[in-house]
Amino acid sequence: MKDIGLLTYYVVAHFHYVLSMGAVFALFGGFYYWIGKMTGYAYPEKWGKIHFWVMFIGVNLTFFPQHFLGLAGFPRRYNDFPDAFAGWNYLSSFGSIISVIAVIVFIYVVYRTFTDNITVGRNYWHSPQFFEIDTDVSPVTSLEWVQDSPPGIHTANELAYLVSTK
């Protein structure tokens with residue numbers, strides 16, 4: 001018996017699932033985490049959540065059905081296929097359209113971030129960790145949150161370090 005996993009859409013689904021769900025979502029998460037510190041502007045959180053859920057639904061509708069196509073024997077790199085695969089292929093295509101809509105929503109989030117001009121403070125996340133640095137503004141968890149948002153040009157002449165006072 002042949003190993004059909006290497007020759008079918010199953011490998012396409014798995015590969016893209018890992019890349020899109022892992023790498024692309026990590027890039028979006030990094031954008032949302034750092035955009036305030038890099039630009040000094042807050043993104044519209046409601047639209048950020050909409051972007052996440054539309055992208056999540058779109059990616060899952062795109063790549064999850066491809067596993068079933070691969071298990072049914074749908075070969076890779078074919079532009080024409082039997083009608084038996086049309087249902088799952090249609091659902092996968094519909095999911096990719098939803099993913100494109102999510103990218104448009106992301107572009108709208110970026111647009112709103114720069115046009116709303118809602119400024120953020122130094123430590124706008126206020127996320128306590130295992131240690132905190134006490135400042136006159138708020139407790140922060142690492143040195144980048146002591147700087148203004150965005151940090152000024154040449155804010156330090158030498159590398160910063162912490163000295164324990166205990």
Side-chain angles (χ1 to χ4, degrees), residues 5 8-72 74-81 83-129 132 137-153 155:
T8 65
Y9 245 57
Y10 190 86
V11 71
V12 174
H14 179 73
F15 183 73
H16 286 87
Y17 229 159
V18 171
L19 286 180
S20 64
M21 297 297 283
V24 174
F25 274 81
L27 289 171
F28 283 133
F31 170 83
Y32 286 121
Y33 186 75
W34 287 107
I35 190 66
K37 183 52 78 176
M38 291 187 301
T39 65
Y41 297 124
Y43 70 91
E45 191 170 337
K46 176 182 132 186
W47 281 100
K49 290 178 182 180
I50 290 171
H51 166 246
F52 168 78
W53 284 110
V54 172
M55 188 72 171
F56 183 80
I57 291 167
V59 165
N60 279 294
L61 279 178
T62 301
F63 299 115
F64 192 68
Q66 290 179 4
H67 287 92
F68 300 126
L69 287 169
L71 289 174
F74 188 67
R76 299 185 306 160
R77 300 182 183 141
Y78 275 48
N79 61 354
D80 194 19
F81 51 85
D83 290 339
F85 300 121
W88 288 119
N89 199 23
Y90 176 77
L91 186 60
S92 181
S93 298
F94 180 69
S96 68
I97 292 170
I98 293 175
S99 295
V100 169
I101 292 169
V103 170
I104 293 168
V105 170
F106 177 72
I107 292 169
Y108 178 71
V109 168
V110 173
Y111 170 77
R112 286 276 309 273
T113 299
F114 290 107
T115 58
D116 286 352
N117 292 330
I118 300 172
T119 58
V120 295
R122 292 180 177 184
N123 184 17
Y124 54 91
W125 287 113
H126 299 290
S127 56
Q129 299 289 329
E132 292 182 347
V137 179
S138 67
V140 295
T141 58
S142 59
L143 290 175
E144 68 266 26
W145 301 108
V146 176
Q147 301 293 325
D148 291 330
S149 297
I153 298 173
T155 56

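Summarising the geometry of Tyr32 relative to Gly48, their closest heavy-atom pair is OH-CA, 3.7 Å, with the distance given to 0.1 Å.
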If you apply the rule side chain to side chain contact (heavy atoms under 4.5 Å, CB included), what do you find for Ile35 with Tyr41, and how did you get there?
CA-CA 7 Å; Ile35 190 66; Tyr41 297 124; over 6 Å; no

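Side chains of Leu91 and Leu61 form a contact here, defined as non-hydrogen atoms less than 4.5 Å apart. Counting heavy atoms from C-beta on, the side chains of Phe25 and Phe52 come closer than 4.5 Å. For the pair Pro150 and Met38, the minimum side-chain heavy-atom distance is 4.5 Å or more.
Residues satisfying the ring pair (Phe, Tyr, Trp, His ring centres under 6.0 Å) test with Tyr90, not counting sequence neighbours, are none.
Within a 6.0 Å sphere centred on CG of Asp83, heavy atoms belonging to other residues, nucleotides or ligands number 12 at most. Within a 6.0 Å radius of CH2 in Trp34, other residues, nucleotides and ligands contribute more than 12 heavy atoms.
Put simply, the side chain of Ser92 gets close to the backbone of Thr62: a donor and an acceptor are under 3.5 Å apart.
A ring-centre distance under 6.0 Å is found for Phe106 and Phe31.
Within the model, atoms CG of Asn60 and CE of Met55 stand 10.5 Å from one another, a figure rounded to the nearest 0.5 Å.
Below 30°, between 30° and 60°, or above 60°: for His14 and His67 the angle between ring planes is above 60°, a perpendicular geometry.
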